[in-house]
Structures are given as structure tokens and as C-alpha cells.
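Notes follow the structure.
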Amino acid sequence: MDFEKFILPHIWNLKPYSSARDEFKGNEGVFLDANENPFGSSTPTAWNRYPDPLQLEIKSKIAQLKNCQVEQLFLGNGSDEAIDLIIRMTCLSGVHNLIICPPTYGMYEVSANINHISTRQVPLTKQFELNVDGILQAIDESTRLIFICSPNNPTGNKLNRADIYQVLESFNTGFVIIDEAYIDFSDEPSFIHELDKYPQLIVLQTLSKAYGLASLRLGMAIAHPTVISLLNKVKPPYNISGATQEQVRLALSNQDFVKNSIEEISIQKNSLILNLNEIKEVEEIFPSHANFILVKFKASKRLFDYLIEHKVITRNRSNVTLCEGCIRITIGKKEENEQLISQIKAFYQNTNV
Ligand SMILES: *Cc1c(COP(=O)(O)O)cnc(C)c1O
């Protein structure tokens, strides 16, 4: 694939910053090259040395786990960093555009706005599936990116696979980004396995959800090695802190936690759905392959406010395209979900809807 055609020339030709850790990679010696503090840190743990800028130790573990090559892996300070860098290396303000399919994750649009890149919105269908014809019509010679999220946030469904293939087959003058933040909760195979066939594909995953590491901030882009080397040129040199690399190293060897969380969340999701189904003011519960469900309620705005007053915090999605009357509910622990259900019941008992 001729990536040079859709990477901005100043990025393609960029001479990246070369850090002290890039220029000398050994572990032994007297280190007087990076202006670090030789006495250690003001914390019990020593963080005085700059971390590995390419995070090779954790990348080799992640590559094993995801069945890909280290050269296909980029790690970001959350997936959000990858989203921003992908936009910055492909799109010029006033020239290029990108396509998003609302209702979907809000950061694609915000990141485009921050970079002053115009977005073309092709809403999902009423069944929350891709409008493939609409996407193909929206593409022009200045389209550089198409963002697809599956399982999708906030709707929770996985998108029809054949539709995604059709987009991949029809568009190769820019990148197709498939955000798989919720793939661990789904029975759907990852599109990582399609990277060899579609070099213009970038898959995003994260440790924020199933791994329970939202606060550490570790997202990843899995893509063609050329794309990864470009992301590495553009990223801040030490974008993943030493503390994060250390904690992630530990996390990756505790797959039991991930497996158990996924199982328990699935059990709790089914039970929450059963309980919601018994409430007659619940108008629709949308199918979910994620760790949340989107639910349409009568008097949803008043319900949402009532829940907050009673210390149950959900996400009001009523103002989002196609989601009128909907609240997004993250699956909590058994007791938390029970508290939610009893507050919903209390609200409808005391309210005329
Ligand atoms: C939660 C989420 C992410 C994860 O973002 P991080 O920056 O890695 O925490 C990415 N995409 C979607 C659709 C999400 O819902």
C-alpha cells in the first residue's frame, strides 16, 4: 500500500526527536546523559529514570496476547492519544475530512474539532447498523479517515461484520479505524486478524475496560508496521510513564482477573436486563455486547435527575442522535445494580409519566 499518498508530507518526512534513551539503550553504566536525579525520587518507589520510549517489554507481552507483531503495536496514553495522532498525521485543516457514524464515541468528533478537521456524519440506521451506502457516498478524494466503533458506544451492539468488510473493500485511500474498546465483552473476533489483508486498517483497543485500568491510561493501536513507525515519530517521546509500564507488566500476567470480570459482568448484565424487563416504563433495552446497556425509559430526563439525587449516577444519552429517551447504564456489582433497580422503581411509583 502506498501510505505516502495519505500521510501528510511533513509527517512522512519528519525527523523525530531523539531522546537520550533512544541514543543509548544499555542498562549498565554511569548514566549522565538525561539530566535525571541520581539520588532517587521524592516517593518511596524510585521513578527518577526516564522510561523506555518504545515500551518494548510490555509490548512483547501484549503482542503475544493479541497474536500480532511488536512492530504492529503502538501504545498511547489512552486510545484517545492514538485517535488524536492518527488525525494529526493524515488530515490538514481546511483540506481533508473524516467520516464518523453517530451515535458513537464522542472523542472522534472532539479530536477532529480540536485539530480543526471537518467531519462528515453518516448516522447509523435505526437498528444501529452502518449505513454503508451513505458512507460510500460521503467519501471524496479528501476523505482520510473513517471511524467505526464495534461494539459501539453508546448503543452497545456489535456492528454487522459484512458491512465493515464492505467499507474496508471500498476505501483504501485513507485509514479505516475500528475501535474495539469493548471487544473483550463480545463473542466477536477482533479485526486484528484482518490486518494482513487490509493494510489501511487500524484497530484500537484499550486496557481501560475489561482490564480495569482506566486510571493508568493505556490504549493501543494495532496496524501495519509503517503506520506504527509513523505514530512513533509523532508521539511525545515518553508518552507512557514508567509507573504505567510497571503496573501494566503486572496486570498482563493476571489474566484471571480479566476473565472473571468479564464473566461476572455478563452474569450481572443478564440479571439487570431481567429486572429492567419487569418495569413497565422501560420502553426498550438494546442488545449489548459491552459492559453497559442502553435503555429507553419513559420520562428519562426526570428519571436520570432522580437517580442522581439518590446517588446513582448513569449517563443521559437523550441528546445524542437516535438515542432520545435513552440512558446508558454501566454494569456494576450486584449490590450496585440492585440499588439502581430499586431507585428506578421508587421513581416510577412516585411519578406520573
Ligand atoms: C472507553 C472507550 C475508549 C477508551 O479510551 P481510553 O482513552 O483508552 O481510556 C475508546 N473508545 C471507546 C469507544 C470507548 O468507549
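These numbers come from a predicted model, not from an experiment. Indexing begins at 1, ligand by ligand and atom by atom, following the structure's order.
Side-chain contact annotation: Gln205 with Lys66, donor-acceptor N/O pair under 3.5 Å present. With 3.5 Å as the limit, one finds a donor-acceptor pair spanning the side chains of Gln55 and Asn239.
The side chain of Asn153, and not its backbone, has at least one atom closer than 4.0 Å to an atom of ligand 1 (non-hydrogen atoms only; side chain from C-beta on). No part of Met107 comes within 4.0 Å of ligand 1, judged by heavy-atom distances.
Salt bridge present: Arg161 and Glu188 bring a charged side-chain N and a carboxylate O closer than 4.0 Å. The pair Glu263-Lys259 counts as a salt bridge, with a side-chain nitrogen and a carboxylate oxygen less than 4.0 angstrom apart.
Residue Glu336 qualifies as enclosed at atom CD: its count of foreign heavy atoms under 6.0 Å is above 12.
Phe191 and Tyr165 have their aromatic ring centers within a separation under 6.0 angstrom. A centroid separation of 6.0 Å or more is found between the aromatic rings of Tyr105 and Phe147.
Among all protein heavy atoms, the one lying closest to atom 15 (O) of ligand 1 is Tyr182 OH, 2.6 Å. In terms of protein heavy-atom proximity, atom 3 (C) of ligand 1 is nearest to Lys209 NZ, 3.4 Å. In this structure, atom 7 (O) of ligand 1 lies nearest to the protein heavy atom Arg217 NH2, 2.6 Å. Residue, atom and distance of the protein heavy atom nearest to atom 11 (N) of ligand 1 are Asp179 OD2, 2.6 Å.
Within ligand 1, the atoms closer than 4.0 Å to a non-hydrogen atom of Gly78 are 6 (P), 7 (O), 8 (O), numbered from 1 in the order shown. Remark: ligand 1 atoms within the under-4.0 Å shell around heavy atoms of Cys149 are 13 (C). Applying the 4.0 Å criterion to heavy atoms of Ser208 picks out, from ligand 1, the atoms 6 (P), 8 (O), 9 (O). Taking every non-hydrogen atom of Ala181 and a distance limit under 4.0 Å, the qualifying atoms of ligand 1 come out as 2 (C), 3 (C), 10 (C), 11 (N), 12 (C), 14 (C).
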